[in-house]
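Below: the structure, in structure tokens.
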Amino acid sequence: MNEKPPLKASHLSRLRNWLSLSGAVLVVAALFAFMLLFAVDLFAVHANPYMGILAYVVTPMFLFAGLGLVLLGYILETCQVRKALAGVQTPFILHVNLSRRRDRRLLTAFVIGSFGFIFLTALGSYQTYHLTETNSFCGATCHVPMEPQYNAYQHSAHAQVACVACHVGPGAGNYIRTKVSGVRQLYRTVLGNFDRPVRLHNVNQRPAEETCQSCHWSEKHIGNVHRKFKRFLADETNSPFTVQMVLKVGGSDPVHGVVEGIHSHMNVSNKIEFIALDPERQQIPWVRVTDADGKVTEYRSEDFKDDISKHPIRAMDCMDCHNRPAHKFLSPNAAVDQAMAMGRIAPSIPWAKAKVVEALVQPYSTRAEANEKIAAFLHAEYPDDPRVDALIKEVLVIYENNFYPEMKADWRAYPDHIGHKETNGCFRCHAGNLFNEDRGKTIKGSDCNACHLITAQGAGAELEKVNLKGHDFFHLDSEYLEPNCAECHNGQNME
Ligand code: HEC
Ligand code: HEC
Ligand code: HEC
Ligand code: HEC
Ligand code: HEC
Ligand code: HEC
């Protein structure tokens, strides 16, 4: 059976070469991996945003590479046939002759090799799928754009909760949207054209209230919690100033008490809706409450004259107060207070509070520049203090955990709505600036004792005067209390 193959080889037979055959194996492996990934994803608990990249980008790439090889083999073979027809040389067409031992061995090796390859591909794609489920993939692989959120997350109460548990909404619609946005994120990361700071464009990646409620039972919000804020003034002695309070976090469920605490917003029977004029929901000019009896009350600010049908109306949920449960960026003022309260920055270093805050807030464009300039600044401020190196080390840790100059991410980019001191937070609605139709009354809960009772404050002997009915807040000079706190307290040093 050693006769020459017919010169006018058929088109199909031109595919009989090692290159085309290997390409075909690759094509089969890619199809196999695709089906497997598709099936795994279909039965997975959470939709995985990066699954789209694997199934619809990476696997097809292998598929096309395989098809390419098949075609390349075909073209090379065609050239050979042409040359042969022109009599330049004899074409080589792969002939497998099963009666020949060598051919049998080669074929067996090829078949086993191909199956092995397909198996490994399947295994590999499954493993890759698992990798994309992990937090380190979401946070660390995509290092530059996700670094601020990932770092902050690792220091949060939710460091053990998977990114996908909060960020991938339920339902088939979200499933598809998540896939599409996963592909877009990859594309933007590769091109480096992502937003700085990063934003959630896809509203479905915003955690839904149901997500939080899967762990935090709304009916359970009862009673008060005790909170202590240890602050330090920006004076020479870094004078301590502590505020101790009970925060009225109850109110969600009439069965467990009166519906009037902070979580009364979450009462199943009343509903609070609002309009926000900006994506960070900082400006809220209109609010509507529907109470348990179905009575509707609208509140609006005096200068908001728009027809409300022109704006999307949002029902208030956990994220309108807890917008930083996993990614909190401390202001320089708060971060330095925290470090001092914990003794990591010695309050005995003169002017430390003011100087460190000043060093942190300068406009640096890279982390390296910040590290260098912060160190130089503090060295110049404390040339003879032996504690300066320890101080610098601590300040750089604060900077590293709360400032991301390359991503323009810090407390200004991501304001925290939970309180009212450094951002308007609760005072977006509770500052007494929203009125109902007849301008008669404003939203309930806008006096200083509605949300908390200040039980003690100040320093030294002053701080020991506990009053469980609540002190009036004494604020260095009480006259300060008029404009909203955040108009002066901007997280930095105040003039
Ligand atoms: C406890 C729930 C929760 C977990 C867990 C969580 N996030 Fe978030 N994330 C949020 C909330 C809430 C927002 C803000 C939503 C808003 O502004 O409406 C957010 C916002 C973001 C943003 C947009 C930028 C910003 O800060 O507003 C990114 C990016 C992000 N998260 C990434 C991650 C990554 C990566 C992980 C895992 C390492 C993760 N998240 C884990 C709740 C969570
Ligand atoms: C998988 C479960 C889980 C989910 C989902 C979850 N949490 Fe939590 N959360 C916890 C646990 C556990 C703690 C307590 C951690 C601790 O005490 O160290 C906690 C603590 C908190 C706290 C108090 C601690 C603090 O200062 O941050 C708040 C507020 C909170 N969660 C809000 C939320 C919100 C808002 C969401 C939805 C975006 C959410 N949680 C989703 C498990 C969860
Ligand atoms: C009106 C704003 C607001 C809304 C809406 C809100 N919370 Fe809170 N929540 C607070 C405040 C303020 C605290 C106290 C914060 C502190 O300790 O500094 C708090 C505390 C908590 C705590 C920890 C304190 C405790 O022991 O009870 C959890 C957990 C929590 N909230 C979960 C939720 C969840 C889940 C939702 C949505 C179903 C929600 N909250 C809606 C304002 C709100
Ligand atoms: C989007 C606007 C809005 C925001 C933001 C908001 N609230 Fe409210 N809050 C309301 C409305 C509306 C009511 C119901 C008032 C009424 O029934 O007249 C309410 C009621 C309350 C009550 C009950 C008062 C009472 O005596 O019944 C408390 C306490 C409260 N809010 C605390 C907070 C805290 C704390 C924050 C910030 C973490 C906050 N609110 C943020 C709109 C808001
Ligand atoms: C709508 C609810 C609400 C009202 C009204 C309110 N507060 Fe607060 N306040 C809060 C919450 C919530 C926090 C805790 C913030 C946090 O957990 O970081 C807070 C924190 C504080 C702190 C500690 C701030 C810090 O970070 O050092 C002071 C002081 C304070 N409030 C004073 C006042 C005074 C004075 C008034 C009246 C002008 C007032 N509050 C009205 C909800 C309210
Ligand atoms: C007119 C400007 C102004 C207003 C408004 C204002 N403060 Fe202050 N506050 C100051 C100044 C100035 C200091 C002293 C800062 C320092 O020495 O570090 C201060 C100090 C404080 C401190 C102790 C030091 C610190 O940095 O935390 C607290 C707590 C505080 N204010 C809370 C509030 C609260 C809560 C409100 C709103 C109810 C408020 N302030 C409104 C100007 C203001």
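Positions are given from 1, in the same order as the sequence printed here. Indexing begins at 1, ligand by ligand and atom by atom, following the structure's order.
In summary, the atoms of ligand 3 found under 4.0 Å from a heavy atom of Cys321, numbered by their order in the structure, are 1 (C), 2 (C), 3 (C), 4 (C), 5 (C), 42 (C), 43 (C). Taking a cut-off of under 4.0 Å to the non-hydrogen atoms of Ile272, the atoms of ligand 4 that pass are 10 (C), 11 (C), 12 (C), 13 (C). Contact atoms of ligand 4 toward Val289: 12 (C) (distance under 4.0 Å to a heavy atom of the residue). Short contacts between ligand 4 and Ile418, defined as distances under 4.0 Å to a heavy atom of the residue, involve ligand atoms 37 (C), 38 (C). Short contacts between ligand 4 and Tyr299, defined as distances under 4.0 Å to a heavy atom of the residue, involve ligand atoms 18 (O). Residue contact check: Ala450 has heavy atoms under 4.0 Å from atoms 29 (C) of ligand 4. In summary, the atoms of ligand 6 found under 4.0 Å from a heavy atom of Cys488, numbered by their order in the structure, are 1 (C), 2 (C), 3 (C), 4 (C), 5 (C), 42 (C), 43 (C). Remark: ligand 6 atoms within the under-4.0 Å shell around heavy atoms of Leu233 are 16 (C), 17 (O), 18 (O), 23 (C), 24 (C). Of all the atoms in ligand 4, the ones that sit under 4.0 Å from a non-hydrogen atom of Phe274 are 1 (C). Heavy-atom proximity to Cys212, at under 4.0 Å, picks out these atoms of ligand 3: 35 (C). Each of the atoms 14 (C), 16 (C), 17 (O), 18 (O) of ligand 3 lies under 4.0 Å from some heavy atom of Leu247. Here is the list of ligand 6 atoms found below 4.0 Å of a heavy atom in Cys485: 34 (C), 35 (C), 36 (C), 37 (C), 38 (C), 39 (C), 41 (C). Of all atoms in ligand 3, numbered sequentially from 1 with element shown, those under 4.0 Å from a heavy atom of Gln213 are 38 (C).
Backbone and side-chain nitrogen or oxygen atoms of His430 are examined, and one is located within less than 3.5 angstrom of a nitrogen or oxygen of ligand 4. Some N or O of Lys421 is nearer than 3.5 Å to an N or O of ligand 6, by distance alone. Where the criterion is an N or O separation shorter than 3.5 Å, residue side chain and backbone included, His216 fails it with respect to ligand 3. Among the atoms of Arg227, some N or O lies under 3.5 angstrom from an N or O of ligand 3.
The closest side-chain heavy-atom distance from Arg428 to His417 is below 4.5 Å. Counting only heavy atoms from C-beta outward, the side chains of Tyr382 and Lys355 approach each other to under 4.5 Å. Within the 4.5 Å cutoff, no side-chain heavy atoms of Tyr299 are placed close to those of Phe274. Looking only at side-chain heavy atoms (C-beta outward), Ile275 and Pro312 stay at 4.5 Å or farther from each other.
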Between Met245 and Leu247, does the side-chain contact (heavy atoms from CB on, under 4.5 Å) criterion hold? Intermediate values first, please. CA-CA 6 Å; Met245 59 169 66; Leu247 262 171; 4.1 Å; yes
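Crowding of Asn467 atom CG: a count of heavy atoms from other residues, nucleotides or ligands under 6.0 Å exceeding 12.
Put simply, the side chain of Asp291 gets close to the backbone of Lys295: a donor and an acceptor are under 3.5 Å apart. Judged purely by atom type and a 3.5 angstrom limit, Asn493 uses its side chain to pair as donor or acceptor with the backbone of Ala354. The closest donor-acceptor contact from the side chain of Arg300 to the backbone of Asp306 lies under 3.5 Å. Checking side-chain atoms of Ser301 against main-chain N and O of Asn433 turns up no donor-acceptor pair under 3.5 Å. Between the side chain of Asn224 and the backbone N or O of Val246 there is no donor-acceptor pair closer than 3.5 Å. A distance-only check finds no donor-acceptor pair linking the side chain of Asn333 to the backbone of Asn490 [under 3.5 Å].
Residue side and main chain included, His322 places an N/O/S atom under 2.8 Å of atom 8 (Fe) of ligand 3. With 2.8 Å as the limit, His489 counts as an N, O or S neighbour of atom 8 (Fe) of ligand 6. Among the atoms of His475, an N, O or S atom falls under 2.8 Å from atom 8 (Fe) of ligand 6. Metal site remark for atom 8 (Fe) of ligand 4: Cys429 contributes no N, O or S atom at a distance under 2.8 Å.
Taking the six-membered ring where the residue is Trp, Trp411 and Phe403 present perpendicular rings, their angle passing 60° and hence far from 30°.
Under 4.0 angstrom from ligand 6, there are no non-hydrogen atoms of Asp235. Counting heavy atoms under 4.0 Å from ligand 3, residue Asp317 touches it through the backbone alone. Residue-level proximity to ligand 4 for Lys248 is absent, since no heavy atom of it falls below 4.0 angstrom. The backbone and the side chain of Ile262 each have at least one atom closer than 4.0 Å to an atom of ligand 4 (non-hydrogen atoms only).
For Phe473 and His452, the distance between ring centers is not under 6.0 angstrom. The six-membered or imidazole ring of Phe329 lies near that of Tyr414, with a centre-to-centre distance under 6.0 Å.
By heavy-atom distance, the residue among Cys318, Ser214, Pro325 lying nearest atom 34 (C) of ligand 3 is Cys318.
Close to ligand 6: Phe473, with a non-hydrogen atom less than 4.0 angstrom away. For the ligand labelled ligand 4, residue Ile443 lies inside the 4.0 Å heavy-atom shell.
Of all the N, O or S atoms in His263, the one closest to atom 8 (Fe) of ligand 3 is NE2.
A salt bridge links Lys328 with Asp416: the closest approach of a Lys/Arg side-chain nitrogen to an acidic carboxylate oxygen falls below 4.0 angstrom.
Considering only residues two or more places apart in sequence or on other chains, Arg324 meets the salt bridge (charged side-chain N to carboxylate O under 4.0 Å, His left out) condition with none of them.
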